[in-house]
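Along the sequence shown, residues carry numbers from 1.
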Amino acid sequence: MNHSELLRTLSKRLNLHSDDVSNKLSATVNILSMQLIKGNVLTIPQLGTFEVKKRNERISVHPATGKRFLVPPKSVVGFKPVSSLKDKIQEDSADE
């Protein structure tokens with residue numbers, strides 16, 4: 001599902017104009033982003049938990065040349081779904 005499909009689906013479900021839904025979605029994403037930048041953990045019921053994780057620097061090897069290089073440390077966003085979502089996904093994939 002891409003951005004426009006998400007807006008269309010939300011607009012139908014909420015009976016709102018797509019511009020209103022777009023503004024609300026943008027505001028939500030901005031709030032979530034700001035909280036992650038501050039280092040806060042975000043828990044959304046029935047979805048999961050978002051948190052920023054620190055990855056340490058490490059040494060990697062280029063597979064073609066065998067040359068070693070240092071990968072710098074970085075922060076990444078991690079997501080852990082709630083168990084009910086995991087179970088629902090497992091059930092749906094088992095039905096296919």
Side-chain angles (χ1 to χ4, degrees):
M1 174 179 278
N2 62 30
H3 183 70
S4 60
E5 291 170 339
L6 176 62
L7 289 178
R8 198 174 317 116
T9 303
L10 285 172
S11 152
K12 286 179 184 177
R13 283 219 179 154
L14 300 173
N15 292 326
L16 293 173
H17 192 270
S18 61
D19 290 339
D20 294 335
V21 173
S22 179
N23 291 337
K24 290 177 189 318
L25 185 59
S26 292
T28 302
V29 169
N30 286 336
I31 291 168
L32 297 175
S33 299
M34 292 305 298
Q35 292 302 311
L36 288 172
I37 289 169
K38 290 179 183 178
N40 296 333
V41 175
L42 300 168
T43 301
I44 301 174
Q46 300 175 1
L47 184 63
T49 303
F50 294 89
E51 67 179 317
V52 175
K53 297 180 180 183
K54 306 263 188 225
R55 289 215 177 139
N56 295 327
E57 69 181 7
R58 60 188 172 85
I59 296 174
S60 185
V61 179
H62 189 283
T65 64
K67 187 175 180 180
R68 297 168 59 124
F69 60 95
L70 185 65
V71 177
K74 64 180 178 177
S75 297
V76 296
V77 177
F79 173 71
K80 183 178 179 188
V82 294
S83 59
S84 60
L85 179 60
K86 285 184 198 177
D87 295 342
K88 193 178 290 188
I89 292 171
Q90 288 297 324
E91 288 172 11
D92 288 348
S93 66
D95 292 341
E96 292 177 357

Check: Do V71 and R55 have side chains that get closer than 4.5 Å, going by heavy atoms?
Finding: no

Check: Under a 4.5 Å side-chain heavy-atom rule over Ile, Leu, Val, Met, Phe, Trp and Tyr, are V29 and V76 clustered together?
Finding: no

Margin query: So which atom in P81 and which in L85 form the shortest heavy-atom distance, rounded to 0.1 Å?
Written below: CB-CD2, 3.9 Å

Next item on the list: Would you name the heavy atoms of G78 and K53 that are closest together and state the gap between them?
Entry: CA-CE, 4.4 Å

Margin query: Is the shortest side-chain heavy-atom distance between E57 and P72 below 4.5 Å?
Written below: no

Next item on the list: Scan residues 35-82 for pairs that pass ring-ring contact (aromatic ring centres under 6.0 Å, His included), counting only residues two or more places apart or in two chains.
Entry: F50-F79

Notebook entry, point to check: What pair of heavy atoms forms the shortest contact from L36 to V52, and how long is it?
Noted result: O-CG2, 3.2 Å

Check: Has Q46 got more than 12 heavy atoms of other residues, nucleotides or ligands less than 6.0 Å from its CD?
Finding: no

Next item on the list: To the nearest 0.5 angstrom, please state how far the NE2 atom of H17 sits from the CG atom of N23.
Entry: 10.5 Å

Note to self: Applying a strict under-4.5 Å side-chain criterion to I, L, V, M, F, W and Y, I'd like to know whether I44 and V41 cluster together.
What the structure shows: no

Next item on the list: Please step through side-chain contact (heavy atoms from CB on, under 4.5 Å) for the pair K24 and L10, ending with a clear verdict.
Entry: CA-CA 11 Å; K24 290 177 189 318; L10 285 172; over 6 Å; no

Checklist line | H3 side, atom NE2; L6 side, atom CG - distance, nearest 0.5 Å | finding: 7.0 Å

Check: Would you say S11's side chain and L16's backbone share a donor-acceptor pair under 3.5 angstrom?
Finding: yes

Notebook entry, point to check: Taking atom CG of N2 and atom CZ of R8, what is their separation to the nearest 0.5 Å?
Noted result: 7.5 Å

Check: Does I31 share a hydrophobic cluster with V77, counting links as ILVMFWY side-chain heavy atoms below 4.5 Å and allowing steps through other members?
Finding: no

Checklist line | Nearest heavy atoms of N15 and K12, plus distance in Å | finding: OD1-O, 3.3 Å

Next item on the list: Look up atom CG in D20 and atom CG in L7, then write down how far apart they are to the nearest 0.5 Å.
Entry: 11.0 Å

Next item on the list: Spell out, as yes or no, whether a donor-acceptor pair under 3.5 Å connects the side chain of S22 to the backbone of S18.
Entry: no

Margin query: Tell me whether E91 contacts the main-chain N or O of K88 through its side chain, where contact means a donor paired with an acceptor under 3.5 Å.
Written below: no

Check: In Å and rounded to the nearest 0.5 Å, what is the CD1 to CG distance from I37 to L32?
Finding: 11.0 Å

